[in-house]
Amino acid sequence: MEKMEITVYGAHWCPDCRNSKQFLGEHQIPYQWVDIEEDKEAEQFVLQKNNGKRIIPTIAFSDGSFLVEPSNAELAAKLGLKTEASRHHYELIVLGGGPAGLTAALYTGREAIDTLVIERAAFGGQAAVTAKLDNMPGFPEGVSGSEFSQRLRRQAERFGVELLHAQEVTEVYSRHNYRCVKTADGSLYSAQALLIATGSHYKRLNVPGENEYMGAGVHFCATCDGPFYKGKRVAVIGGGNSAAQESLLLTKFADSVTILVRGGRFKATQIIQDNVFGNPKIDVLWHTEVKEFIGENSKLTKLRILNNQTGKEDEFPVNGVFIFIGLEPNTKFLKNSGILLDRWGFIITGRELLNRGIRPPEFKDRDPFLLETSVPGIFAAGEVRDTSTKQVVSAAGEGSSAALMIREYLKHA
Ligand SMILES: Cc1cc2nc3c(=O)[nH]c(=O)nc-3n(C[C@H](O)[C@H](O)[C@H](O)COP(=O)(O)OP(=O)(O)OC[C@H]3O[C@@H](n4cnc5c(N)ncnc54)[C@H](O)[C@@H]3O)c2cc1C
């Protein structure tokens with residue numbers, strides 16, 4: 001399956017094409033994109049495969065097969081991605097296969113704790129879409145996020161962990177002593193303990209046009225979508241480390257990168273700022289807010305921007321824009337779980353619960369473990385946890401710590 005070559009035939013305005021590209025991107029499956037409006041031969045191929053109809057996306061595989069307008073489940077099945085677990089009960093279910101979840105799983109797998117990891121997209125989480133991790137201990141030259149993620153995944157598999165792909169957790173709840181998980185396909189799984197390691201995602205601006213041009217000019221991952229902008233003009237929104245770092249990456253593809261910063265300075269670390277200011281392809285517009293994404297033929301062409309000091313509005317022509325304006329935790333599915341969240345939606349754990357004067361009634365006889373949530377037997381690690389430090393190494397560290405606490409918990413569960 002790894003050697004399978006995939007060609008996606010579509011058009012830039014087609015939302016189903018965008019969905020298929022997004023799915024392949026999330027699973028880091030390489031593919032070739034062909035816009036049939038720019039390639040007559042490709043258009044003929046699509047017509048021929050669909051009895052003279054111009055149906056897109058038509059996805060061709062190197063084994064000669066093809067799929068027309070596939071659902072994500074059909075694509076997952078074709079690509080051999082496992083979307084159903086082998087059993088319905090485990091000692092531990094880990095939610096999220098990023099650095100925190102996979103590290104926890106390799107620890108518990110190694111301790112012969114029967115472990116299932118459920119991941120909605122690609123294993124490796126945010127680390128997998130990071131071009132280069134420069135601050136990983138033990139990698140003096142740095143390591144690509146995708147290589148690091150593949151290594152982590154293989155390590156978890158080596159210790160017998162069961163990994164479930166392309167399956168989103170939609171609900172968490174407790175029944176008697178069981179901790180239960182529902183997934184998007186309606187499957188129910190239970191376990192003695194759960195670890196929530198679902199990380200976070202980039203916030204959106206929530207202005208007109210943002211959703212409309214998502215994947216058609218509006219992006220959140222430079223590693224995934226930067227290569228589409230070879231020789232083009234792009235903008236990056238945000239003033240933190242990610243915005244600055246991703247701008248540097250985009251200069252490898254784009255001719256010019258303009259960073260739009262709402263305030264009058266960067267919040268990025270000094271070394272990253274120095275690299276940004278020293279890069280001739282990058283310029284910065286301070287005190288600038290994006291008010292609207294505007295396009296033609298379903299493709300982004302410009303931004304309506306506001307200078308929040310002068311009040312002056314302008315149009316800013318771009319081929320693509322990348323948004324990096326902060327993080328939102330992936331915790332919406334915890335609504336009925338009884339797990340306490342902070343005001344931004346991050347999970348509160350351990351001593352922080354007690355520090356805030358919260359002693360859930362279930363903890364009469366003992367204090368919660370450091371990485372245990374307000375529901376006994378449900379733990380949290382990595383970026384999804386409040387007070388976490390939002391780094392790969394610390395997420396992995398929290399994963400290993402959580403695994404050891406879960407081992408202790410399971411002795412009495
Ligand atoms: C562009 C970028 C550059 C970065 N650069 C660096 C760097 O150089 N060095 C560094 O140390 N850190 C870097 N980071 C931060 C680092 O990637 C994160 O801190 C780290 O990945 C957090 O790990 P995690 O496991 O807690 O969460 P994540 O990596 O966010 O993983 C969570 C996983 O859970 C899955 N998930 C979410 N919701 C559900 C659900 N409902 N059901 C099933 N699965 C779900 C997600 O798909 C994801 O795979 C970078 C991040 C980004 C985005």
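Both ligands and their constituent atoms are indexed starting at 1 by order of listing.
- What sits closest to atom 41 (N) of ligand 1 on the protein, heavy atoms only, is Val169 O, 3.0 Å.
- No side-chain donor from either of Lys182 and Ser187 sits under 3.5 Å from a side-chain acceptor of the other.
- Ligand 1 has Gln245 within reach: a non-hydrogen atom of the residue lies less than 4.0 Å from it.
- If you look at His201 next to ligand 1, there are no close heavy atoms at all, none under 4.0 Å.
- Note that Lys21 lies in the cation-pi zone of Phe228, set by a 6.0 Å cut-off to the ring centre and a 45° limit from the axis.
- Short contacts between ligand 1 and Gly125, defined as distances under 4.0 Å to a heavy atom of the residue, involve ligand atoms 29 (O), 31 (O), 48 (C), 49 (O).
- Side-chain contact between Met405 and Leu370: present, with at least one pair of heavy atoms (C-beta onward) separated by less than 4.5 Å.
- The residue among Gly124, Ala127, Ala104 with a heavy atom at the shortest distance from atom 17 (O) of ligand 1 is Ala127.
- Between Ile55 and Glu69, the closest side-chain pair of non-hydrogen atoms falls below 4.5 Å.
- Remark: Arg87 qualifies as a cation-pi partner of Tyr90 under the 6.0 Å distance and 45° angle criteria applied to the six-membered ring.
- Annotation: atom 37 (C) of ligand 1 to nearest protein heavy atom, Thr198 O, 3.2 Å.
- Residue Pro99 touches ligand 1 through backbone and side chain together, judged by heavy-atom distances below 4.0 Å.
- In Asn135, the part holding a heavy atom less than 4.0 Å from any atom of ligand 1 is the side chain.
- Of the listed residues (Gln126, Glu168, Glu171, Glu246), the one carrying the non-hydrogen atom nearest atom 1 (C) of ligand 1 is Glu246.
- Less than 4.0 angstrom separates atom 14 (N) of ligand 1 from none of the non-hydrogen atoms of the protein.
- Given atom 34 (O) of ligand 1, the protein heavy atom at minimum distance is Gly96 CA, 3.3 Å.
- Counting the atoms of ligand 1 from 1 in the order shown, those under 4.0 Å from a heavy atom of Gln167 are 43 (C).
- Residue contacts with ligand 1, taken as heavy atom pairs separated by less than 4.0 Å, involve Asn330 solely via side-chain atoms from C-beta onward.
- Taking every heavy atom of Val392 and a limit of under 4.0 angstrom, the matching atoms of ligand 1 come to 10 (C), 11 (O), 12 (N), 16 (C), 17 (O), 19 (O).
- In this structure, a donor-acceptor pair under 3.5 Å is present between the side chains of His219 and Tyr229.
- Of the N and O atoms on the side chains of Tyr31 and Ser20, not one donor lies less than 3.5 Å from an acceptor on the other residue.
- Cation-pi contact between Lys390 and Phe346: present, with separation from the ring centre below 6.0 Å and deviation from the ring axis of at most 45°.
- Taking atom 10 (C) of ligand 1 as the reference point, the nearest protein heavy-atom neighbour is Gln391 OE1, 3.3 Å.
- For ligand 1, the atoms lying closer than 4.0 Å to a non-hydrogen atom of Ala100 are 25 (O), 26 (O).
- Note: Phe220 and His201 fail the aromatic proximity criterion, with ring centroids not under 6.0 Å apart.
- In terms of modelled atom types and a separation under 3.5 Å, the side chain of Arg233 and the main chain of Pro317 share a donor-acceptor contact.
- The backbone of Ala197, and not its side chain, has at least one atom closer than 4.0 Å to an atom of ligand 1 (non-hydrogen atoms only; backbone = N, CA, C, O).
- Looking only at atom types and distance, the side chain of Asn135 has a donor-acceptor partner in the side chain of Gln391 under 3.5 Å away.
- Annotation: Phe277 is in aromatic contact with Phe266 [ring centroid separation under 6.0 Å].
- Residue contact annotation: Ile118 has a non-hydrogen atom under 4.0 Å from ligand 1.
- The protein atom (non-hydrogen) at minimum distance from atom 33 (C) of ligand 1 is Glu119 OE1, 3.5 Å.
- Using modelled atom types, one finds a donor on one side chain and an acceptor on the other under 3.5 Å when comparing Asp283 with Thr258.
- Within ligand 1, counting atoms from 1 as listed, the ones closer than 4.0 Å to a heavy atom of Gly382 are 26 (O).
- Of all protein heavy atoms, the one closest to atom 27 (O) of ligand 1 is Gly199 CA, 3.4 Å.
- Of the protein's heavy atoms, Thr130 OG1, 3.8 Å lies nearest to atom 50 (C) of ligand 1.
- Aromatic ring centroids of Phe61 and Phe66 lie 6.0 Å or more apart.
- Interface atoms of ligand 1 facing Ala395, defined by a heavy-atom separation under 4.0 Å, are 22 (C), 23 (O), 26 (O).
- When each of Arg179, His89, His88 is checked for a side-chain hydrogen bond (donor to acceptor under 3.5 Å, both in side chains) with Ser190, only His89 meets the rule.
- Close approach to Gly98 involves these atoms of ligand 1, each under 4.0 Å from a residue heavy atom: 25 (O), 31 (O), 33 (C).
- Here the protein heavy atom with the shortest distance to atom 43 (C) of ligand 1 is Arg120 N, 3.4 Å.
- Every atom of ligand 1 is numbered from 1 in the order shown, and the set under 4.0 Å from a heavy atom of Tyr202 is 52 (C), 53 (C).
- The closest side-chain donor-acceptor pair between Thr349 and Glu372, if any, does not fall under 3.5 angstrom.
- Here Ser388 has no heavy atoms under 4.0 Å from ligand 1, in either its backbone or its side chain.
- When heavy-atom distances to ligand 1 are checked against a 4.0 Å cut-off, Lys390 comes that close only through its backbone atoms N, CA, C and O.
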